[in-house]
Amino acid sequence: MAKLSATEPTLKPGCAITDSTFGAYTEVGENSRVAYSEFGDYSYCDRVCDIANATIGKFSNIASFVRLGATDHPLDRASLHHFLYRSASYWDDAEDHAEWFEKRRARRLVVGHDTWIGHNAQVKPEVTIGNGAVIASGSVVTKDVAPYTIVAGVPAKPVRLRLASDLADRVQALGWWDWDHQALRQALEDFRALPVEAFLEKYNG
């Protein structure tokens, strides 16, 4: 794995990036598309992801073939087809429907810090994924996911807590994801070796 950059995202071959921003040490996998989105520090996605209209927190782990913020079609019109809003592709005298695209982009998906979204999962627009949550592979998430909860299925439903509620609250209060790069390095061996209870005791969570 190539060393990541504090100043520029690492974009693998074949990426398509549109009006998106990236924090420090971020990475976008091969042949992924990211549009109108924000990646927080240390977040990454693996190959062939499709991410639109999403605000992604820090340290998010997004597996391959994930789709976030899947765009939708007009269900209340005579046609579903995108000739309604991508009209300039079909007629010289027609413009694209700017209002429709603005409406789409306003339907933000929010992904919290230290989350894991499994292979081939999909999360719909206007959903919030809480800090520390896990989305199982192949799941379709249509509703908000509480912090430190593991969900699975179609549609996704809670399976169990990742951490007991009291521990989850303490980790969120500690907010280690806001530590600077050097502080993370100094704590690296403890992240690796200590169970969460011991980690919290050492770092006053």
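Here the structure is a predicted model, which is why all the values come from computation and not from measurement.
The 12-atom threshold is not exceeded at CG of Asp92, counting heavy atoms of other residues, nucleotides or ligands nearer than 6.0 Å. For Trp116, the CH2 atom is loosely surrounded, since the number of other residues' heavy atoms within 6.0 Å does not exceed 12.
Follow the hydrophobic side-chain contacts under 4.5 Å out from Leu4 and you never reach Val28; the two are in separate clusters. Trp100 and Trp91 fall within a single hydrophobic cluster, where Ile, Leu, Val, Met, Phe, Trp and Tyr are joined by side-chain heavy atoms under 4.5 Å apart, directly or via other members. Grouping the Ile, Leu, Val, Met, Phe, Trp and Tyr side chains by contacts below 4.5 angstrom, directly or via other members, places Leu184 with Leu194. Taking hydrophobic clusters as Ile, Leu, Val, Met, Phe, Trp and Tyr residues chained together by side-chain heavy-atom distances below 4.5 Å, Leu200 shares a cluster with Tyr203. Linking ILVMFWY residues whenever their side-chain heavy atoms come closer than 4.5 Å, directly or via other members, leaves Leu161 and Leu163 in distinct clusters.
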*For Asp96 and Phe101, what are the C-alpha separation, side-chain angles and deciding distance, and is it a side chain to side chain contact (heavy atoms under 4.5 Å, CB included)?*
CA-CA 9 Å; Asp96 288 344; Phe101 288 108; 4.2 Å; yes
*Go through the steps to decide whether Cys49 and Leu68 satisfy the test side chain to side chain contact (heavy atoms under 4.5 Å, CB included), and finish with yes or no.*
CA-CA 8 Å; Cys49 291; Leu68 301 181; over 6 Å; no
*After noting the C-alpha distance and the side-chain angles of His113 and Tyr42, does the key distance pass the ring-ring contact (aromatic ring centres under 6.0 Å, His included) rule?*
CA-CA 10 Å; His113 307 304; Tyr42 304 89; over 10 Å; no
*Audit row: Asp166, Glu197, side chain to side chain contact (heavy atoms under 4.5 Å, CB included) steps and yes/no*: CA-CA 10 Å; Asp166 62 325; Glu197 296 92 336; over 6 Å; no
*For Ile51 and Ile56, run side chain to side chain contact (heavy atoms under 4.5 Å, CB included): C-alpha distance rounded to whole Å, both residues' side-chain angles, the deciding distance at 0.1 Å, then the answer.*
CA-CA 10 Å; Ile51 298 171; Ile56 298 168; 4.1 Å; yes
_With ring-ring contact (aromatic ring centres under 6.0 Å, His included) as the criterion, how do Phe59 and Trp176 come out once you've worked through the C-alpha distance, each side chain's angles and the decisive distance to 0.1 Å?_
CA-CA 10 Å; Phe59 297 91; Trp176 62 262; 4.8 Å; yes
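Under the 3.5 Å distance criterion, the side-chain polar atoms of Asn53 are left unmatched by any main-chain donor or acceptor of Gly69. A donor-acceptor distance shorter than 3.5 angstrom exists from the side chain of Asp180 to the backbone of Gln182, with no hydrogens or angles considered. Checking side-chain atoms of Asp114 against main-chain N and O of Gly132 turns up no donor-acceptor pair under 3.5 Å. Formation of a donor-acceptor pair under 3.5 Å by the Thr26 side chain with backbone atoms of Ala24 is not found in this model. A donor-acceptor distance shorter than 3.5 angstrom exists from the side chain of Asn61 to the backbone of Thr115, with no hydrogens or angles considered. Without hydrogens or angle criteria, Ser89 side chain to Ser87 main chain gives no donor-acceptor distance under 3.5 Å. Between the side chain of Thr128 and the backbone N or O of Val110, no donor-acceptor pair lies under 3.5 Å. Side-chain atoms of Ser139 do not come within 3.5 Å of backbone N or O of Val141 as any donor-acceptor pair. Checked by atom type and distance alone, the side chain of Arg108 pairs as donor or acceptor with a backbone atom of Ala54 at under 3.5 Å. The closest donor-acceptor contact from the side chain of Ser5 to the backbone of Tyr25 lies at 3.5 Å or more, if one exists at all.
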Under 3.5 Å, which donor-acceptor pairs do the side chains of residues 153-160 form with other protein atoms, sequence neighbours left out?
none

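Taking 4.0 Å as the cut-off between side-chain N and carboxylate O, Arg105 and Glu102 do not count as a salt-bridged pair.
Note that the OG atom of Ser37 and the CG atom of Asp19 stand 10.0 Å from one another [nearest 0.5 Å]. Expressed to the nearest 0.5 Å, how far NZ of Lys12 lies from CG of Asn31 amounts to 11.5 Å. Residue Thr142 holds its OG1 atom at 12.5 Å from CD of Glu126, rounded to the nearest 0.5 Å. Taken from CZ in Arg86 to CD in Glu95, the straight-line distance is 15.5 Å, to the nearest 0.5 Å.
Residues meeting the ring-ring contact (aromatic ring centres under 6.0 Å, His included) test with Tyr44, sequence neighbours left out: none. Partners of Tyr148 according to the ring-ring contact (aromatic ring centres under 6.0 Å, His included) rule, which considers only residues two or more places apart in sequence or in another chain, do not exist here. Every residue was checked against the salt bridge (Lys or Arg N to Asp or Glu O under 4.0 Å) condition with Arg47, not counting sequence neighbours, and none meets it. Partners of Glu30 by salt bridge (Lys or Arg N to Asp or Glu O under 4.0 Å), not counting sequence neighbours: none found.
Side-chain atoms of Tyr36 and Thr18, non-hydrogen and from C-beta on, do get closer than 4.5 Å to each other. In this structure, Leu109 and Thr55 have side chains that are not in contact, with every pair of non-hydrogen atoms separated by 4.5 Å or more. Using a 4.5 Å heavy-atom cutoff, the side chains of Phe22 and Val34 are in contact. The closest side-chain heavy-atom distance from Lys58 to Asp178 is below 4.5 Å. Looking at Ile62 and Ser43, their side chains never come closer than 4.5 Å, going by heavy atoms from C-beta outward. Put simply, the side chain of Lys124 does not reach to within 4.5 Å of the side chain of Arg67, judged on heavy atoms. Trp177 places a side-chain heavy atom less than 4.5 Å from the side chain of Val171. You'll find the side chain of Pro9 stays beyond 4.5 Å of the side chain of Glu27, heavy atoms only.
Sorted by first and then second residue, the salt bridge (charged side-chain N to carboxylate O under 4.0 Å, His left out) pairs involving residues 135-146 (not counting sequence neighbours) form an empty list.
Tested against Phe65, the residues Asp50, Asp46, Asn120 include a single side-chain contact (heavy atoms from CB on, under 4.5 Å) partner, Asn120.
Smallest separation of non-hydrogen atoms from Pro74 and Leu80: O-CD2, 3.4 Å. Of all the heavy atoms in Ala136 and Ala121, the pair that sits closest is O-CB, 3.9 Å. The minimum heavy-atom distance between Ser20 and Ala35, with the atom names listed, is OG-C, 3.5 Å. Among all heavy-atom pairs drawn from His81 and Phe83, the shortest one is ND1-N, 2.9 Å. Residues Ser60 and Val111 approach most closely at OG-CG1, 3.7 Å, considering heavy atoms. Between Arg107 and Pro125, the closest heavy-atom pair is O-CB, 3.7 Å.
For the 3.5 Å distance criterion, the side chains of Arg104 and Tyr85 qualify, holding a donor opposite an acceptor.
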